Amino acid sequence: MSAHHEAAGRDEPGGSFFYGWLVVAAVMVVMTVTAGLGFYNLSVYLKAFIAERGFSVSATSGATACFFVASGFTGLAVAALIDRYDPRWVITGGAILSAIATFGAGYVTELWQLYAFYVLFGIGYAGAALIPGTTLVARWFVRRRSIALSIASTGLSLGGILLTPVSASMIEHLGIEGATPWLAAGFLLGVIPVSWILIRPSPQAMGLGPDGDPVLRDESGAPLPADGIDFESATRSRFFIFTTSAFIFAMMAQVGVIAHLFRLVSTRSGSNDAAALAVATMATASIVGRLLGGWGLTYMSSRHFVFGLTLVQGVALALYASVESSQALLATTVLFGVTVGNLLMMQPLLLAEAFGLKAYGRIFSFNQLFMTLGVATGPAAIGFLYEWLGGYDVAFLVMAAASCLAFFLTLAAGPVDALLRARRST
């Protein structure tokens, strides 16, 4: 690549634009589609399968848990594939599988078909969403990684604002069978074109270093390998074990509530419109909170930031257990939403800060596999407690306690070990 083309890809004092920001924009679009039609849409599907097809709350909640289990195990393969191949191929495959699963959701009538839908949907989601997206951003940025991740992961919330209400309205008016072909098309058209037009696999592919800096080279002129420590040392460290454990409980609480939020609000307020507004409000609060968080992380410790997030989430979930009016539910949703986006952002950021890029994809996917213990348990646990106790009150208090436990586990993790810092610098 010529010096002229290299310079065109950098942010320089003179104002040249760094191509990495276009990658961030593309990842944000992909996350908008996958979250809006996938992650946030799970609560809409849960309500639709119960109302239209007569499945029980516990059965549908258990099937929803299969989405996260399938996604977690598939993530290990996704990490290996994006290390070896252009991530755009993996994202494309994930979008196609998600579209096939979504189309098939309209024809689900038996319990085994319900579970098959969620498993295939989870496999597709893993290929198109967090692991390839966060890995791409981590490759393109170091100094401005928190800002870049906060912008890219804003797509997760935008999906809840822009697409989930549309999906809920379509399913309500057309039925799940009439709506799913359109939602399937949304996966294909919203993910694949932008991925191939804007995403590039790494800054090195354009002759750049992260943040647009020159490529670091050794004495022979060969590019230096990615910084960081190896997979085995990272995953055996105290920091990884306790931080991962903390996020298991934090995400169990968060995802469990997200999966049931639409039904909780619609049941207590008696309005699907109020429920859709609650999902959109949560996503809006998530965007504002995440952007403020990305900025604030330049002035505070990431670990201390997680302390605050887990405690605030615990307070919000305790409030959900008792509030009844639409206004109180929306106010609580704002508080909860601020934590949602930031906690999702902090997982990849903490791992990249602690362990570097050498084995980032494998480390993050391994972390995400353990996250399935939490995210799969959350929706099923709330569904079980709801049916056992005849309401959401105790279920949400249990989730509040799980969030507080995450605080103490983060505290126990301590800062990044001195050994890890030393090995990362070598």
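Just so it is clear, the values below take in all heavy atoms, side chains as well, and ignore hydrogens, waters and symmetry mates. Computed from a prediction, not measured in an experiment: that's the story for all the values here.
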**OP:** Could you check if a side-chain atom of Q313 sits within less than 4.5 angstrom of a side-chain atom of V338, using non-hydrogen atoms only?
**Re:** no
Original post:
Which heavy atom of L174 sits nearest a heavy atom of A179, and at what distance?
Top reply: CB-N, 4.0 Å
Subject >> Sidechain-backbone polar pair: R290 side chain, I151 backbone, donor-acceptor under 3.5 Å >> reply: no
Original post:
L343 versus Q347: any side-chain heavy-atom pair under 4.5 Å?
Top reply: no
Original post:
Which distance, rounded to the nearest 0.5 Å, do you find between the OH of Y386 and the CG of L264?
Top reply: 9.5 Å
Subject >> Sub-4.5 Å side-chain heavy-atom contact between L149 and T134 >> reply: yes
Original post:
Is the backbone N or O of G209 less than 3.5 Å from a side-chain atom of Q204, with the two atoms forming a donor-acceptor pair by type?
Top reply: no
Original post:
Got more than 12 heavy atoms from elsewhere within 6.0 Å of CH2, W196?
Top reply: yes
Subject >> Side-chain heavy atoms of F67 within contact of Y125, under 4.5 Å >> reply: yes
**OP:** Taking atom types as modelled, find out whether R53 and T109 have a side-chain donor-acceptor pair closer than 3.5 angstrom.
**Re:** no
Original post:
So, do S302 and L297 sit near enough that their side-chain heavy atoms are less than 4.5 Å apart?
Top reply: yes
Original post:
Short question: side chain of S169, backbone of V166 - any donor-acceptor pair under 3.5 Å?
Top reply: no
Original post:
Are P87 and T135 close enough that some pair of their side-chain heavy atoms sits under 4.5 Å apart?
Top reply: no
Original post:
Okay, side chain of S233, backbone of I229: is any donor-acceptor separation there less than 3.5 Å?
Top reply: no
Original post:
Does CZ in F231 sit with more than 12 non-hydrogen atoms of other residues, nucleotides or ligands closer than 6.0 Å?
Top reply: yes
Original post:
Just how far is it from atom CD1 of I100 to atom CZ of F117, taken to the nearest 0.5 Å?
Top reply: 13.0 Å
Subject >> Side-chain ion pair, D230 and K358, N-O less than 4.0 Å >> reply: no
Subject >> Test side-chain contact (heavy atoms from CB on, under 4.5 Å) applied to L111 and L114, step by step >> reply: CA-CA 5 Å; L111 187 61; L114 181 70; 4.1 Å; yes
Original post:
Does L42 reach the side chain of I258, with side-chain heavy atoms less than 4.5 Å apart?
Top reply: no
Original post:
Parallel, tilted or perpendicular: which describes the rings of Y45 and F121, with under 30° parallel and over 60° perpendicular?
Top reply: perpendicular
**OP:** Please determine which of F307, F242, F247 meets the ring-ring contact (aromatic ring centres under 6.0 Å, His included) test together with F407.
**Re:** F307
Original post:
What's the spacing between F49 CZ and S56 OG if we round to 0.5 Å?
Top reply: 13.0 Å
Subject >> Y320 side chain near M399 side chain, heavy-atom distance below 4.5 Å >> reply: no
Original post:
To the nearest 0.5 Å, how far apart are CD1 in I161 and CE in M282?
Top reply: 9.5 Å
Original post:
Side chain of D211, backbone of V142: donor and acceptor closer than 3.5 Å?
Top reply: yes
Original post:
Could you go step by step and tell me if F187 and I192 meet the side-chain contact (heavy atoms from CB on, under 4.5 Å) rule?
Top reply: CA-CA 8 Å; F187 269 108; I192 296 175; over 6 Å; no
Subject >> Working for ring-ring contact (aromatic ring centres under 6.0 Å, His included), residues W21 and F141 >> reply: CA-CA 9 Å; W21 295 113; F141 293 90; 4.5 Å; yes
**OP:** Using the side-chain contact (heavy atoms from CB on, under 4.5 Å) rule, take F355 and L350 through it: C-alpha gap first, then chi angles, then the decisive distance, then the call.
**Re:** CA-CA 8 Å; F355 306 122; L350 281 173; over 6 Å; no
Subject >> Ring geometry between W140 and F18 (parallel below 30°, tilted from 30 to 60°, perpendicular above 60°) >> reply: tilted
Subject >> L198 vs V23, side-chain contact (heavy atoms from CB on, under 4.5 Å): CA-CA, chis, key distance, verdict >> reply: CA-CA 6 Å; L198 293 181; V23 176; over 6 Å; no
Subject >> Between CD1 on residue I123 and OG on residue S98, distance to nearest 0.5 Å >> reply: 10.0 Å
**OP:** Might you point out which heavy atoms bring I91 and S195 nearest each other, and give the distance in Å?
**Re:** CG2-OG, 3.5 Å
Subject >> Candidate list T310, L409, T410, test side-chain contact (heavy atoms from CB on, under 4.5 Å), partner F249, passing option >> reply: L409
Subject >> side chain to side chain donor-acceptor pair (under 3.5 Å) evaluation trace for N41 with T164 >> reply: CA-CA 6 Å; N41 217 27; T164 303; 4.6 Å; no
Original post:
What's the verdict on side chain to side chain donor-acceptor pair (under 3.5 Å) for S150 and W295, showing C-alpha distance, side-chain angles and the deciding distance?
Top reply: CA-CA 8 Å; S150 70; W295 169 79; over 6 Å; no
Original post:
Which atom names give the shortest non-hydrogen contact between L309 and M346, and what distance separates them?
Top reply: CD1-CG, 4.0 Å
Original post:
Is it true that a side-chain atom of S403 and a backbone atom of A400 form a donor plus acceptor pair closer than 3.5 Å?
Top reply: no
Subject >> Heavy-atom closest pair, residues G294 and S146 >> reply: O-OG, 3.5 Å
Subject >> Heavy-atom pair with the smallest gap, counting every atom of R88 and P201 >> reply: NH2-CD, 4.3 Å
Original post:
Taking the six-membered ring for Trp, are Y392 and F396 parallel (under 30°), tilted (30 to 60°) or perpendicular (over 60°)?
Top reply: perpendicular
Subject >> Interatomic spacing from CZ in R238 to CD1 in I241 - rounded to 0.5 Å >> reply: 10.5 Å
Subject >> T339 side chain vs F336 backbone, donor-acceptor pair below 3.5 Å >> reply: yes
Subject >> Nearest non-hydrogen partners of I131 and G75, listed with the distance >> reply: CD1-CA, 3.4 Å
